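Keep in mind that this is a model prediction, so the values were computed, not measured.
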Amino acid sequence: MDTPDFSSTSPTDIGRILAMSLDRSCKIDLISEQERSLLADAKVPIEHYHRERLVLAGFALDYAIVMLLTNSNIRNQARDGYLGTWLNMSKQSAAGMALYQLFIQRCPEYADAVARMKPGSINPIATAFYGFLLSDKGPNGSAAMLADMCAPSMYFTHFEVAAETLHLAGLISKPRDN
């Protein structure tokens, strides 16, 4: 597959591209059979899980923009494009508005989880995701396994995609780990 050429793409459009990439990376039909089995065991509707995955992936992209773009003008432009795409989606339907509001609500909580990450400890992103997945239900081993198995990789994969996209656009010199 050819590497896209984003070198002449504006920071605002890069933000939009990152937001629109969620349509491809977070499709409900990409949820594996193993995940579906754990969801059934946990009695968590697949739509709820899909929505939480989408919000976590959305946070990861937004967080990468904020953390990796050191030039505040470029950061603001990229973030305006990114958040503007979320806002436009919210205006399309009641479901879009609900998803946007959930995204806005979850971002600070996921940022707090990322700030608490330490090597060798329980991943706070998985813990936060688990709590969001269950809402007011009691403890559930299947949901805990699902959160631990999927949430960190969802976060890291999307953060890395954003880093690589920002690099290809010439907005950062090289992707860094986070």
Side-chain angles (χ1 to χ4, degrees), residues 1-27 30 50-93 95-132 147 150-178:
M1 189 158 92
D2 293 332
T3 303
D5 180 11
F6 294 127
S7 60
S8 62
T9 306
S10 74
T12 303
D13 285 340
I14 291 296
R16 289 182 186 125
I17 289 166
L18 287 171
M20 291 185 297
S21 74
L22 291 168
D23 279 343
R24 288 188 312 269
S25 66
C26 293
K27 291 181 178 183
L30 295 177
H50 175 251
R51 186 175 51 248
E52 290 298 334
R53 281 174 39 122
L54 181 58
V55 168
L56 175 57
F59 160 76
L61 295 175
D62 183 48
Y63 192 71
I65 291 169
V66 171
M67 297 307 292
L68 298 177
L69 293 176
T70 56
N71 179 310
S72 61
N73 185 42
I74 290 173
R75 178 187 320 129
N76 291 343
Q77 290 175 45
R79 197 146 188 251
D80 286 349
Y82 183 76
L83 295 176
T85 302
W86 274 89
L87 187 59
N88 286 339
M89 184 244 344
S90 77
K91 296 175 183 176
Q92 303 301 313
S93 66
M97 178 56 80
L99 185 61
Y100 174 72
Q101 289 172 338
L102 188 63
F103 169 73
I104 296 300
Q105 176 189 350
R106 296 281 197 259
C107 279
E109 297 176 60
Y110 278 127
D112 180 58
V114 170
R116 291 184 284 115
M117 282 195 301
K118 291 183 175 94
S121 68
I122 295 173
N123 189 305
I125 293 170
T127 303
F129 188 85
Y130 170 73
F132 299 143
C150 297
S153 64
M154 179 68 61
Y155 166 75
F156 286 113
T157 298
H158 283 83
F159 189 96
E160 290 169 16
V161 163
E164 183 62 24
T165 302
L166 295 172
H167 173 66
L168 290 172
L171 301 179
I172 60 174
S173 59
K174 66 176 190 166
R176 68 175 189 162
D177 293 330
N178 190 337

Check against side chain to side chain donor-acceptor pair (under 3.5 Å), His167 and Ser173: CA-CA 6 Å; His167 173 66; Ser173 59; over 6 Å; no

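- Note that CZ of Arg51 and CG of Leu99 are 8.0 Å apart. Values are rounded to the nearest 0.5 Å.
- For the atom pair CG of Leu18 and CG of Leu166, the computed distance is 6.0 Å after rounding to the nearest 0.5 Å.
- Using a 4.5 Å heavy-atom threshold, the side chains of Ile125 and Phe59 count as separate.
- Going from atom CG of Asn123 over to atom CE of Met117 covers 6.5 Å, rounded to the nearest 0.5 Å.
- You'll find the side chain of Arg75 stays beyond 4.5 Å of the side chain of Asn71, heavy atoms only.
- Between Tyr155 and Tyr63, some side-chain heavy-atom pair lies under the 4.5 Å cut-off.
- Of the listed residues (Ile17, Thr165, Leu171, Leu168), just one forms a side-chain contact (heavy atoms from CB on, under 4.5 Å) with Thr9, and that residue is Ile17.
- No donor-acceptor distance shorter than 3.5 angstrom exists from the side chain of Tyr100 to the backbone of Asn88, with no hydrogens or angles considered.
- Looking only at distances, no side-chain donor or acceptor of Asp62 sits under 3.5 Å from a matching main-chain atom of Gly58.
- Summarising the geometry, atom NE2 belonging to His158 is positioned 3.0 Å from atom OG belonging to Ser25; distances are rounded to the nearest 0.5 Å.
- The neighbour count for Leu30 CG, taken as heavy atoms of other residues, nucleotides or ligands under 6.0 Å away, is above 12.
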Residues 101-110 side chain polar contacts: donor-acceptor under 3.5 Å, at least two apart:
| from | atom 1 | to | atom 2 | distance (Å) |
| --- | --- | --- | --- | --- |
| Arg106 | NE | Glu52 | OE1 | 3.2 |
| Arg106 | NH2 | Glu52 | OE2 | 2.8 |

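- Side-chain contact between Arg53 and Phe129 is present, with at least one heavy-atom pair separated by less than 4.5 Å.
- With Ser153 contributing its side chain and Cys150 its backbone, the two residues share a donor-acceptor pair below 3.5 Å.
- Between atom CG of residue Asp13 and atom OH of residue Tyr82 there is a gap of 15.5 Å, rounded to the nearest 0.5 Å.
- Annotation for Leu56 and Ala151: closest pair CD2-O, 3.4 Å, computed over non-hydrogen atoms.
- The two atoms that bring Pro124 and Ala113 nearest to each other are CG-O, 3.1 Å, heavy atoms only.
- Between Arg116 and Asp112, at least one side-chain nitrogen of the basic residue sits less than 4.0 Å from a carboxylate oxygen of the acidic one, meeting the salt-bridge criterion.
- Atoms CZ and CD1, from Phe159 and Ile65 in turn, are 10.5 Å apart once rounded to the nearest 0.5 Å.
- Here the side chain of Arg16 pairs no donor or acceptor atom with the backbone of Gly81 at under 3.5 angstrom.
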